[in-house]
Amino acid sequence: MGSLFMKPEKFSVYYKQVMHELVRIGVGALGIVALTSVFMGAVITIQSAYNLVNPMVPLYAVGIVARDSIILEFSPTIIMLILAGKVGSSIASELGTMRVTEQIDALEIMGINSSGYLTLPKIVAGLIITPFVIILSMFLGILGGWIAGDLSGTVPSADYIQGIQDQFLPFNIVFAMIKALVFAYIITSVSAFHGYFTEGGALEVGQSSTKAVVYSSTAILVFDYILTQLILA
Amino acid sequence: MIEVEGISKSFGTKQVLDNISCRFESGQVNLIIGQSGMGKTVLMKCTVGLFEVDKGCIRFDGRDFSSMDFRQRKPIRQEIGMVFQGGALFDSLTVEENVMFPLNMFTGMSLSEKRDRADACLKRVNLKDVHQRYPSEISGGMKKRVAIARAISMNPRYLFCDEPNSGLDPKTSILIDELIRDITQEFKTTTVVNTHDMNSLTEIGQHIVFIHGGRKWWEGSYSDILQSGNAELDDFVFATKVMQRLKH
């Protein structure tokens with residue numbers, strides 16, 4: 001852990017690495033994030049409308065439920081679980097392959113702090129890009145709900161728009177960002193750890209990749225509960 | 001000169017190196033020979049600090065490397081060039097970027113200076129028109145040559161090569177051997193080569209250390225090897241019919 005935060009050999013090289021990781025972690029994940037968010041929002045809206053068939057409950061409540069579910073839980077947690085699978089396995093397999101093909105040894109021989117050079121830019125990039133990805137996911141999720149509600153005729157546009165504006169708490173966004181940052185740190189650091197300390201060959205690289213996804217997903221679920229308890233309860 | 005003094009290394013309960021002492025002479029090609037699984041690579045990795053020794057010490061021109069921490073080792077590590085068994089080229093970088101990598105990290109050279117240096121190193125290993133290719137797009141022999149080019153890009157004082165001929169055809173093996181010999185003379189490096197290739201032994205071996213069962217069994221010059229009188233060494237060196245004919 002100490003070597004991870006040692007002074008970089010050359011800031012310009014680390015800066016380039018961070019930029020590269022921003023593209024890989026953030027831009028590379030946009031497709032799956034967008035697709036998941038739109039359909040997640042659509043399903044939440046239709047299911048909420050299905051469950052709230054009560055003359056005492058106004059239709060715009062569906063918008064409130066969809067908005068809060070997406071902002072508080074679905075975007076920061078489910079999307080980060082998906083990223084744990086996509087980004088986590090990619091980080092672990094990249095570092096694992098570098099380990100078993102002696103590329104990490106080659107870095108060490110040159111006098112480069114390999115753990116810092118390989119993992120710090122990933123962690124920094126994850127922390128920088130994740131809030132933007134999650135904001136985008138929230139927007140697309142709510143948009144997906146609107147489209148689905150309108151197309152299916154379950155929630156008219158006017159009701160949905162009224163719902164997503166009603167009783168809005170800006171703190172929910174802050175809470176979601178806190179969760180996203182914690183989860184981003186978990187995904188990048190846990191995956192990098194498993195990849196960096198891979199021993200063996202191709203089989204072990206696969207095992208490290210699986211472990212990275214399993215452990216980071218488990219940690220996300222545990223920390224989701226802890227953070228919710230600490231901040232919202 | 002690199003001095004290895006009484007080093008031992010175990011992995012769990014398995015002792016891989018047992019009290020090995022040897023010297024790698026300056027300006028010479030020093031070979032570590034022995035059968036597979038006898039501890040050659042572990043000895044080399046202990047010498048360059050990739051593995052920490054359990055006991056003993058390693059000195060690079062009098063500097064006690066084994067007792068240094070990561071920061072203290074940095075200046076010595078920048079004097080080391082290493083060619084790994086599989087090349088260990090960075091997959092995500094082109095051939096040119098691989099050779100430029102140490103220059104990017106440790107020099108203040110401009111991009112054009114770094115490109116010129118990389119080009120010179122690639123030409124030195126007889127590689128042309130591969131600069132923009134990725135390691136996955138070149139042959140095994142080319143990978144070894146790029147690895148050598150990367151290793152010499154910083155004008156190393158010490159050059160380590162771990163099984164540089166493994167997986168190569170005889171002609172390419174000879175080419176790699178000649179490169180190692182020429183670079184050693186040109187850069188006046190202390191070169192250490194791990195090998196079980198008998199052609200390397202006869203062509204470039206100047207100072208030889210024979211490892212067997214994790215222990216040093218013999219050390220001397222190539223000219224002495226024919227009359228070593230060491231049964232284990234004879235058994236290893238003269239295992240092939242070609243070498244038996246050479247002996248007689």
Side-chain angles (χ1 to χ4, degrees), chain A residues 1-25 28 90-122 125 192 195-202 205, chain B residues 11-12 41 44-52 65 68-93 97-109 111 114 135-136 143 146-147 150-151 153-154 156 158-163:
Chain A
M1 194 71 176
S3 63
L4 183 64
F5 297 105
M6 269 169 71
K7 190 184 166 208
E9 285 79 15
K10 210 168 185 181
F11 278 101
S12 60
V13 176
Y14 274 61
Y15 174 76
K16 273 187 195 159
Q17 283 292 101
V18 170
M19 291 297 129
H20 172 74
E21 296 298 340
L22 281 175
V23 172
R24 200 178 91 168
I25 296 172
S90 156
I91 290 174
S93 54
E94 178 199 339
L95 295 187
T97 305
M98 287 187 79
R99 170 64 74 189
V100 302
T101 55
E102 296 181 310
Q103 293 176 50
I104 292 180
D105 287 345
L107 286 171
E108 291 283 329
I109 283 292
M110 291 175 200
I112 295 165
N113 169 21
S114 63
S115 60
Y117 175 76
L118 292 171
T119 61
L120 192 59
K122 291 176 178 27
Y196 189 83
F197 290 104
T198 301
E199 278 179 7
V205 172
Chain B
F11 293 101
T41 298
M44 182 173 273
K45 288 192 172 180
C46 283
T47 309
V48 296
L50 285 175
F51 292 149
E52 294 302 325
F65 186 69
M68 293 176 177
D69 63 21
F70 182 82
R71 279 171 206 272
Q72 292 167 321
R73 283 179 179 181
K74 261 189 171 183
I76 297 180
R77 283 205 156 139
Q78 285 166 28
E79 296 173 358
I80 296 175
M82 185 154 177
V83 179
F84 288 86
Q85 198 169 345
L89 300 177
F90 304 124
D91 300 323
S92 57
L93 304 181
E97 287 166 342
N98 263 285
V99 180
M100 278 165 45
F101 188 84
L103 306 172
N104 280 334
M105 293 303 282
F106 299 113
T107 70
M109 286 176 162
L111 181 63
K114 284 184 279 192
S136 58
K143 277 183 194 167
V146 176
R150 184 177 68 183
S153 65
M154 292 279 285
Y158 313 100
L159 180 65
F160 291 84
C161 306
D162 187 13
E163 311 249 2

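Chain A is the first sequence line, chain B the second, and so forth, proteins listed ahead of strands; every chain is numbered from 1. Bear in mind that the values here come from a model prediction, so they are computed numbers and not experimental data.
Between A/I109 and B/F160 there is no side-chain heavy-atom pair separated by less than 4.5 Å. Looking only at side-chain heavy atoms (C-beta outward), A/E102 and B/K45 come within less than 4.5 Å of each other. Contact check for A/T101 versus B/F84: no side-chain heavy atoms found under the 4.5 Å cut-off. Contact of the B/F90 side chain with the A/M98 side chain is registered, since non-hydrogen atoms from C-beta on lie closer than 4.5 Å.
For the atom pair CG of A/N113 and NZ of B/K74, the computed distance is 6.5 Å after rounding to the nearest 0.5 Å.
Partners of B/T107 according to the side chain to side chain contact (heavy atoms under 4.5 Å, CB included) rule, which considers only residues two or more places apart in sequence or in another chain, are B/L103, B/M109, B/M154. Partners of B/A147 by side chain to side chain contact (heavy atoms under 4.5 Å, CB included), not counting sequence neighbours, listed by chain and number: B/V83, B/L89.
Ranked by non-hydrogen atom pairs under 4.5 Å with chain B, the options A/I104, A/L107, A/T97 are led by A/L107. Between chain A and the residues B/D162, B/D91, B/V48, the largest count of heavy-atom pairs under 4.5 Å involves B/D91.
Across B/P102 and A/M110, no two heavy atoms sit closer than the pair CG-SD, 4.1 Å. The minimum heavy-atom distance between B/N104 and A/V13, with the atom names listed, is O-CG2, 3.9 Å. Considering every non-hydrogen atom in both A/A106 and B/R150, the closest pair reads CB-NH2, 3.7 Å.
Taking the six-membered ring for Trp and the full ring otherwise, A/Y117 and B/F101 have centroids separated by under 6.0 Å.
Interface remark: B/F70 contributes side-chain atoms only to the contact with chain A (heavy atom separation under 4.5 Å).
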